[in-house]
Amino acid sequence: MYKAKAYSAASATSPLASDTIEQRDLTEQDVQIEILFCGICHSDLHAVRNEWSNTVYPIVPGHEIVGRVTQVGSAVTQFKPGDLAGVGCLVDSDGTCQACKADLEQFCPNLTYTYNSPDKHLGGVTYGGYSDSIVVHQRFVLRVPSNLDLAGVAPLLCAGITTYSPLHHHGVTKGKKVGVVGLGGLGHMGVKFAHALGAHVVVFTTSPNKKEDALRLGADEVVVSRNTDEMQKHTGSFDFILDTVSANHDINAYLNLLRPDGNLTLVGAPPKPLEIAAFSLIMGRHSLSGSNIGGIAETQEMLDFCGEHNITADVEVIPIQKVNEAYDRLLKSDVKYRFSIDMASLKSE
Ligand SMILES: [Zn+2]
Ligand SMILES: [Zn+2]
């Protein structure tokens, strides 16, 4: 074992603070990464504050990790010291179940999340990316294109794959009409991907002042969702709608905008159960789905796609010392569009 610097929370009501954690020595399959940037995902905040009632303390969150390989185990073939590397929400799975065999590790019943998941090497739970170092099985380490800004790459590992995967799964290509509901951390990535895939992109927002930004990010049209007339103009016209909103909202208003056989996929998680009018689905054979990150192969495909199309997240880079303030701002949606922690700031702790 070796010691790493980190920021951890000691309880649901404690702020994140400087800490020292233990990481495992490399097995032959492991890659050790010096973490350069880690994005802040809303899940980090939910976990730190035990809002899903499963947090083990101390917790070191962070699953949008980008860094440089410092050491590799003897059986590692895909990475060498000095390479750029990324780690997302998953660090291990059984590798033998149907989901794993289909490159859908995110559905493996025996997967290990990057943080707050039982650690089969050291006991206790896994520690995430708010740290200067992490050790991960090579199967869960991603290659990072060298032409991209690393601070903006970090959020691709969760926000990026969360939005890329459903667009890809539902066949979004050139000529399709795609709606993106909500323009936050997830929504802004959805817009960039749908645009780069060649779709006609319509952003739905409750804030008219987001219009200019939506167009800059790649939207072709912006609809203020409170304006019923504007909404109605789009009835029956969408091939696919990506709903990224995590506040309660009327989903029927969007289902009615789908063309026959159109799909709406949820990636946001409103706290209350949604009310679905049966006719919103029956008429036009609409379908409603959810989606959760993506498998490792698809995450690599997404990163390669980002390299080709020069796509990164729009980030505000902060030192780790500002992380608690960033959490408060996250709750007010006061960030364009994702925080990325510069881990060099951890050196002064
Ligand atoms: Zn996340
Ligand atoms: Zn599995």
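Keep in mind it's a predicted model, so treat the numbers as computed, not measured. The basis for the numbers below is simple: all heavy atoms, side chains too, and nothing from hydrogens, waters or symmetry mates. Read the numbers this way: they start at 1 and go in the same order the structure lists the ligands and their atoms.
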Hey, any chance V224 and V181 share a hydrophobic cluster, counting ILVMFWY side chains that come within less than 4.5 Å of each other, even indirectly? no
Answer yes or no: is there a side-chain heavy-atom contact under 4.5 Å between Q321 and Y7? yes
Can you find a pair of side-chain heavy atoms, one from L16 and one from P61, that are under 4.5 Å apart? yes
For the residue pair N227 and D229, confirm or rule out a side-chain donor-acceptor distance under 3.5 Å. no
From the N, O or S atoms in D94, identify the one nearest to the Zn ion (ligand 2). OD1
Please determine if the Zn ion (ligand 1) has an N/O/S atom from H63 lying under 2.8 Å away. yes
Do any of the N/O/S atoms of C41, backbone or side chain, fall under 2.8 Å from the Zn ion (ligand 1)? yes
Is the distance between the Zn ion (ligand 2) and the nearest N/O/S atom of E105 smaller than 2.8 Å? no
In terms of side-chain geometry, is the basic nitrogen of R49 or D328 positioned less than 4.0 Å from the acidic oxygen of its partner? yes
Where the Zn ion (ligand 2) is the corner point, what angle links SG of C100 with SG of C97, to 10°? 110°
